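Structure record follows, encoded as structure tokens.
Numbering starts at 1 and runs along the sequence shown. The shown structure was predicted, so the numbers you read here are calculated from the model rather than taken from an experiment. Hydrogens, waters and symmetry mates are skipped; everything else that's a heavy atom, side chains included, is used.
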Amino acid sequence: MARAMTALTPEVVQGLLDRLDEGDTSREVLKPLTKHFLSALVDKAPGRSVEVRVPPFAAAQCIEGATHTRGTPPAVVETDAETWIALARGTLSWSDAAPRVHASGERSDLSPHLPLA
């Protein structure tokens with residue numbers, strides 16, 4: 001589960017996005033952006049029916065519906081950090097991300113909640 005983290009300022013987010021756009025895909029860029037955008041998703045779509053996993057950096061539960069407490073949740077979305085950030089920014093659409101996103105279960109379509117930025 002994504003742990004609470006200190007919110008990134010818009011300036012820090014923009015600086016990290018600039019670095020990403022320049023080709024920097026280091027852990028120090030991807031990890032804070034991944035957590036930032038997962039936190040934004042949870043704020044936009046609170047709940048516990050879908051688990052969004054972005055290994056190795058974070059996971060978060062979101063979207064109202066059946067509550068997940070133990071084991072595998074009823075819906076799971078998993079992708080890599082670069083794909084997640086592109087979805088959150090709106091530079092990649094949900095439908096175009098299909099080969100890089102593994103989504104299963106009810107409510108696992110995140111397109112109504114994206115982009116976040």
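For the pair Arg53/Val77, no side-chain contact is recorded, criterion being any heavy-atom separation below 4.5 Å from C-beta on. Between Asp43 and Leu116 the shortest side-chain heavy-atom distance does not fall below 4.5 Å.
Contacts of Thr83 classified as side chain to side chain donor-acceptor pair (under 3.5 Å), with partners at least two apart in sequence or in another chain: Asp80. Applying the salt bridge (charged side-chain N to carboxylate O under 4.0 Å, His left out) criterion to Arg89, with sequence neighbours excluded, gives Asp21. With sequence neighbours left out, the side chain to side chain donor-acceptor pair (under 3.5 Å) criterion links Gln14 to Asp18. Here Ala86 pairs with Thr91, Leu92 under the side chain to side chain contact (heavy atoms under 4.5 Å, CB included) rule; sequence neighbours left out. Residues satisfying the salt bridge (charged side-chain N to carboxylate O under 4.0 Å, His left out) test with Glu28, not counting sequence neighbours, are Arg19.
Note on Phe37: it does not cluster hydrophobically with Val76, by side-chain heavy-atom contacts below 4.5 Å among ILVMFWY residues.
Within the structure, side-chain hydrogen bond (donor to acceptor under 3.5 Å, both in side chains) pairs that include any residue of residues 107-117 comprise Trp94-Asp109, Asp109-Ser111 (at least two apart or interchain).
Closest non-hydrogen pair, Pro115 versus Ala88, comes out as CB-O, 3.3 Å. The two residues Phe57 and Lys35 have their closest heavy-atom pair at O-CE, 3.5 Å.
Partner of Pro32 under the side-chain contact (heavy atoms from CB on, under 4.5 Å) criterion, chosen from Leu16, Val13, Val12: Leu16.
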Subject >> Step-by-step side chain to side chain contact (heavy atoms under 4.5 Å, CB included) determination, Ile85 to Leu17 >> reply: CA-CA 9 Å; Ile85 294 165; Leu17 290 172; 4.2 Å; yes
